[in-house]
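First the structure, in the form of structure tokens, and then the observations on it.
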Amino acid sequence: MAENLKTTLSLGGKEVHIHRDLPTVMIGERINPTGRKAVLAALEAGDFEIVRQDALAQVKAGAPVLDVNAGIPGADEVALLPQVMKEVMSVVDVPLCIDTANPQALEAALKVYEGKALINSVNGEEKSLNAVLPLAKEYGAAVIGLCISNAGIPKTAEDRLEVAGKIIERATGMGIPIEDIVIDPLAMTMSADHLAGALTLEVVKMVTAKYGVNITMGSSNVSFGLPDRKYVNAAFMAMAIQAGMTCPITNPLVTEIRTTVFASDLALGKDEFAMGWVKAYRKRKKTQKQERDLTE
Ligand code: THG
């Protein structure tokens, strides 16, 4: 068993630590025009209000890190991504996860970021490794490694573990500390393949045991195309945390998901004196009361 590693992200002076013994770090997924039509329409219109509101709401709900994606078909992502990040940083002070497949946009984003960001992402393809890892090294950022190879998404857990190993080897070979690599085993929808969730959980366990690195994933992907997604997402979330996932990219505004993360942390001994659970309960009651007061 490898030693559990700690990934530290920062913005300004503020640090966030990701480690298996610490509470799970939710990475808020909502600032993403691909996943959300309302964000797409607003960004296309040059309106950043929804981005600022989403940033505030997710942090308030308990996301210590926010994913920022500004990929709009036909738009100039090199200009737009840093702009969206600045809007986010004007209202919250949490570290950001820079979600882009465009290396030029990534570099422009890293230039405006003052701290240690999480790059989302590199994968096992040569083109990606060669473009992204030098930027992670130059800017001292942490980086998510997706278990995708030249041949696509591996169909077996062993093959995904091998891609994780290749990314870790290449990154550490360039002088990137191993604790700055976060592996994404890839969460795929169970509506297309009923074994997809079980396979992902297997990869989480294998990567954790062999390398001790932190694990992320777009955990809500598992329920695409299914009815009542939030229950599926919550159950999968609890299991993935138990398997070793430490920083899911998820929607903290969904009560079932958020409470499942807190309850999982409590059950796994990551919530000392149940302080996190009780604090979240009080916050929920207060919000419910405010909502009642407003409608009365
Ligand atoms: N791994 C990594 N990064 C990722 C993903 C991943 N980034 C993008 C994505 N996957 C994670 N982000 C989202 C964002 C939104 C949704 C899911 C994943 C989502 N959106 C609603 C839906 O499709 O039903 C839309 C809701 C709305 O329009 O308001 O579920 O896997 N490293």
Side-chain angles (χ1 to χ4, degrees), residues 7 9 18 25-44 50-51 53-55 57-58 61 63 65-72 77 81 84 88 96-102 105-106 109 117-125 128 132 136 141-148 152-154 160 163-164 167 180-192 196-197 199-201 203-204 207 213-234 236-237 240 245-254 256-258:
T7 309
L9 306 177
I18 307 170
V25 171
M26 286 186 279
I27 303 177
E29 75 181 11
R30 290 176 59 79
I31 303 171
N32 187 334
T34 315
R36 295 185 55 227
K37 291 201 176 68
V39 174
L40 176 61
L43 289 185
E44 275 175 339
I50 187 168
V51 164
Q53 291 303 328
D54 269 339
Q58 291 184 101
V65 177
L66 297 180
D67 187 80
V68 177
N69 181 307
I72 296 177
E77 202 185 339
L81 182 58
V84 173
V88 171
L96 302 180
C97 174
I98 306 172
D99 193 348
T100 177
N102 177 334
L106 174 60
L118 179 58
I119 294 173
N120 187 8
S121 56
V122 71
N123 64 54
E125 293 179 79
S128 171
V132 177
V143 60
I144 295 174
L146 299 180
C147 294
I148 299 177
I153 299 174
R160 287 196 201 176
V163 179
I167 295 170
D180 285 347
I181 304 157
V182 176
I183 292 296
D184 183 338
L186 297 180
M188 316 285 291
T189 180
M190 302 186 291
S191 68
L199 172 67
T200 299
L201 294 175
V203 182
V204 173
V207 172
V213 293
N214 282 297
I215 307 272
T216 186
M217 70 176 88
S219 49
S220 14
N221 296 352
V222 293
S223 64
F224 275 131
L226 291 171
D228 263 348
R229 287 183 66 185
K230 61 190 175 193
Y231 302 115
V232 178
N233 288 345
F236 185 76
M237 179 70 81
M245 177 183 69
T246 45
C247 49
I249 302 171
T250 190
N251 184 351
L253 304 186
V254 178
E256 288 82 353
I257 292 180
R258 189 178 68 245

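For clarity, every value in this text was computed on a predicted model and none was experimentally measured. Every heavy atom of this structure was used, including side-chain atoms; hydrogens, water molecules and symmetry mates were not. Ligands are counted one by one from 1 in listed order, and the atoms in each one are counted from 1 as well.
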Quick check: closest heavy atoms across Ala70 and Val84, and the distance to 0.1 Å?
CB-CG2, 4.0 Å
Gln53: which residues meet the side chain to side chain donor-acceptor pair (under 3.5 Å) condition with it, sequence neighbours left out?
Glu49
With a 3.5 Å distance limit and no angle check, can you tell me whether Thr100 reaches the backbone of Leu106 through a side-chain donor-acceptor pair?
no
Check each atom of ligand 1 against the heavy atoms of Asn32 and keep those under 4.0 Å away; list them by number with element.
8 (C), 12 (N)
Tell me: protein heavy atom nearest atom 5 (C) of ligand 1, and distance?
Gly218 CA, 4.2 Å
Can an N or O of Ser220 be found at a distance shorter than 3.5 Å from an N or O of ligand 1?
no
Short version for Leu146: what comes under 4.0 Å of ligand 1, heavy atoms counted, is side chain
Can you confirm, on distance only, whether ligand 1 has an N/O atom lying under 3.5 Å from any N/O atom belonging to Thr216?
no
Contact (N/O only, under 3.5 Å) between Asp67 and ligand 1
no
Protein residue, atom and distance nearest to atom 27 (C) of ligand 1, heavy-atom basis:
Arg36 CG, 3.5 Å
Heavy-atom count check: over 12 atoms from other residues, nucleotides or ligands less than 6.0 Å from Met190 CE?
yes
Protein contact of atom 16 (C) of ligand 1 - nearest heavy atom, named by residue and atom, plus distance:
Glu29 OE2, 3.5 Å
Does the side chain of Val163 come within less than 4.5 Å of Ile148's, by heavy atoms?
no
When only distance counts, is Asn221 in polar contact with ligand 1, meaning an N/O pair under 3.5 Å?
yes
Can you report which non-hydrogen protein atom sits closest to atom 3 (N) of ligand 1, along with the distance?
Asn120 ND2, 3.0 Å
Tell me: protein heavy atom nearest atom 7 (N) of ligand 1, and distance?
Asp99 OD2, 2.9 Å
Quick check on contacts: which atoms of ligand 1 are under 4.0 angstrom from a heavy atom of Lys37?
28 (O)
Quick one: does Thr250 get a heavy atom under 4.0 Å from ligand 1?
no
Across all chains, not counting sequence neighbours, the side chain to side chain donor-acceptor pair (under 3.5 Å) partners of Asp184 are none
Do Asn69 and Pro33 make a side-chain contact, defined as non-hydrogen atoms from C-beta onward lying under 4.5 Å apart?
yes
Ligand 1 N/O within reach of Arg30 N/O, cut-off under 3.5 Å:
no
Spell out, as yes or no, whether a donor-acceptor pair under 3.5 Å connects the side chain of Ser128 to the backbone of Val122.
no
If you take all heavy atoms of Pro185 and Arg160, which pair is closest and at what distance?
O-NH1, 3.0 Å
Indicate yes or no for a side-chain donor-acceptor contact from Asn221 to the backbone of Ala187 under 3.5 Å, with no hydrogens or angles considered.
yes
Exactly one of Glu29, Lys230, Arg229 clears side-chain hydrogen bond (donor to acceptor under 3.5 Å, both in side chains) with Ser220, and that residue is Glu29
Nearest-neighbour protein heavy atom for atom 1 (N) of ligand 1, which is reported as residue plus atom name and distance
Asp184 OD2, 2.7 Å
Which residue holds the protein heavy atom closest to atom 30 (O) of ligand 1, what is that atom called, and what is the gap in Å?
Arg229 NH2, 3.5 Å
Minimum-distance protein heavy atom relative to atom 25 (C) of ligand 1
Gly35 O, 2.8 Å
